[in-house]
Amino acid sequence: MKENTAGERSNQIGLLFQMMRIRRFEEKAAEMYSKSKIRGFLHLYIGEEAVAAGLISQLKPEDRILATYREHGHALARGIPAGEIMAEMYGMSEGCSKGRGGSMHLFDVKRNFFGGNAIVASHLPLATGLALSTKKQGKTDVTVCFFGEGAMAEGEFHEAMNLAALWQVPLLMVCENNRYAMGTAMQFTHANQDIESKGRAYGMESATVDGMDVLKVRAAGEKALDYIRSTGKPYFLVCNTYRFRAHSMFDAELYRDKSEVEAWKKNDPILKLRQDLERQYQFSESEMKALESACEKEVTEAVQFAEAGSPEPAETLMQFVVSGPPDPGAEAEKSSTIKS
Ligand SMILES: Cc1ncc(C[n+]2csc(CCOP(=O)(O)OP(=O)(O)O)c2C)c(N)n1
Ligand SMILES: [Mg+2]
């Protein structure tokens, strides 16, 4: 339990602000999508903000992050500027992936943000590999991999978990269990619905946390990271959460009752922390208004940045896609190095 100090008050307000800016950013993205400013796919994280905000608040800049296509919140929490994310969604060269990735492929290597990965579970083996590379270099940085419970029905989950446990790499595997994989509820895809037990099955230290409560997520993250940093071993954390919006922009949501969604909205992580703050720290209406206007300003500026962006010129479209003809000099040098 954190102490009731002024520092803790401002940390909690920081977490509230983080969740609010993620939500406001996505509400604006949905609006811009409906105006066809953003095209392709768009998966909103609304309702799940406590997971990214709580866990990423405990990371160091050197720690690496991998996420799914529902990753706007993780990218914002990691510190990628909102303008660069919005510009990426607009397909502009000023975007964090130069406008080539769009919403599902936000990437920023200098901020140790390795996606934005659209293929379910595809980033899990990459995370194990990145964590192995840190271990081989004798570093203590942690790789954190976020994925949905749907990814746990894929073979790659099991391969990545097995090798992470076998090689004992500094990896935090975070299941964002929102109970649905597109329109399929968990009970139709998992023979064993005790999600946490799948970590223990690989001999991994494992825990489950209420993913709608950012303070609980932060505490669970702190505990998991302490364990990984002190032992160098992997850790499996299940965050039980819920998405308030559809799977993506093309989803009539025929697979769940509106009453279920409304019931979960009563656990809104933003509302919960706001109420906690009011109760414990006399958090005022005017402080809340100040946070709201800071979010509004940031999001408005992000849209302006994206709108002022430049689509990539046709001449450079093949750059980073196809390598040029082989350089005979470099090839000869490479083969002589390999032989020696
Ligand atoms: C290998 C693969 N299979 C199917 C899809 C289509 N697909 C996109 S998202 C998704 C659901 C994944 O659900 P979950 O892992 O729980 O993440 P959530 O969307 O709930 O955050 C599926 C099946 C895909 N992108 N990749
Ligand atoms: Mg899911």
Side-chain angles (χ1 to χ4, degrees), residues 19 22-23 25-26 29-30 33 39-56 65-77 101-107 114-128 144-161 172-196 198-199 208-212 217 236-257 260-261 264-265 267 269:
M19 293 193 290
I22 294 171
R23 181 156 311 175
F25 180 92
E26 289 205 319
Y33 193 91
R39 288 154 192 259
F41 289 94
L42 185 70
H43 304 86
L44 303 181
Y45 194 55
I46 292 178
E48 305 187 34
E49 297 92 342
V51 178
L55 285 174
I56 296 175
I65 298 174
L66 297 94
T68 69
Y69 41 83
R70 202 180 295 288
E71 87 287 26
H72 313 140
H74 310 74
L76 284 165
S103 157
M104 299 202 286
H105 303 104
L106 304 176
F107 221 85
F114 295 83
N117 292 275
I119 304 301
V120 174
S122 62
H123 58 303
L124 278 62
L126 298 180
T128 299
V144 185
C145 181
F146 295 88
F147 52 89
E149 84 299 333
M152 294 176 57
E154 297 270 353
E156 283 174 293
F157 167 77
H158 299 279
E159 295 172 41
M161 292 287 282
L172 176 55
M173 293 292 254
V174 181
C175 172
E176 304 183 297
N177 176 18
N178 63 12
R179 295 156 176 256
Y180 292 92
M182 295 182 77
T184 310
M186 222 167 85
Q187 62 266 32
F188 300 115
T189 47
H190 288 275
N192 169 11
Q193 286 160 54
D194 178 355
I195 296 289
E196 185 191 316
K198 298 178 199 224
T208 302
V209 66
D210 174 1
M212 305 303 276
V217 174
F236 181 56
L237 181 64
V238 182
C239 301
N240 287 328
T241 182
Y242 198 81
R243 64 171 156 71
F244 294 168
R245 298 284 187 106
H247 166 75
S248 71
M249 301 309 275
F250 311 101
D251 171 11
E253 287 185 81
L254 301 176
Y255 48 86
R256 60 183 187 180
D257 284 344
E260 181 184 296
V261 182
W264 273 90
K265 281 187 179 170
N267 295 334

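Remember, it's 1-based here, ligands and their atoms both numbered in the order they're listed. Given the structure is predicted, the values throughout are model-derived calculations rather than measurements.
- Outside the 6.0 Å centre-distance limit, the rings of Phe41 and Tyr69 are not counted as a close aromatic pair.
- Rounding to 10°, one obtains 120° for the angle at the Mg ion (ligand 2) between OE1 (Glu149) and O (Tyr180).
- Side-chain contact between Asn267 and Tyr242 is absent, with no heavy-atom pair separated by less than 4.5 Å.
- Coordination check, Glu176 versus the Mg ion (ligand 2): failed, since every N/O/S atom of the residue sits at 2.8 Å or beyond.
- In this structure, the side chains of Glu176 and Cys239 stay at 4.5 Å or more apart for every pair of heavy atoms.
- Heavy-atom neighbours of Arg23 CZ from other residues, nucleotides or ligands within 6.0 Å: above the threshold of 12.
- Of the inter-residue distances, the one linking Ile46 atom CD1 with Glu26 atom CD reads 5.0 Å to the nearest 0.5 angstrom.
- Around ligand 1 you find Tyr69, Arg70, Ala118, Ile119, Val120, Gly148, Glu149, Gly150, Ala151, Glu154, Asn178, Tyr180, Ala181, Met182, His247, each with a heavy-atom distance below 4.0 Å.
- Put simply, Asn177 stays out of reach of the Mg ion (ligand 2), with no N, O or S atom under 2.8 Å from it.
- Taking the side chain as every heavy atom from C-beta outward, Val120 and Thr68 never approach each other to under 4.5 Å.
- Taking the six-membered ring where the residue is Trp, Tyr45 and His74 present tilted rings, their angle falling between 30° and 60°.
- None of the N, O or S atoms belonging to Met186 lies under 2.8 Å away from the Mg ion (ligand 2).
- Within a 6.0 Å radius of CZ in Phe244, more than 12 heavy atoms belonging to other residues, nucleotides or ligands are found.
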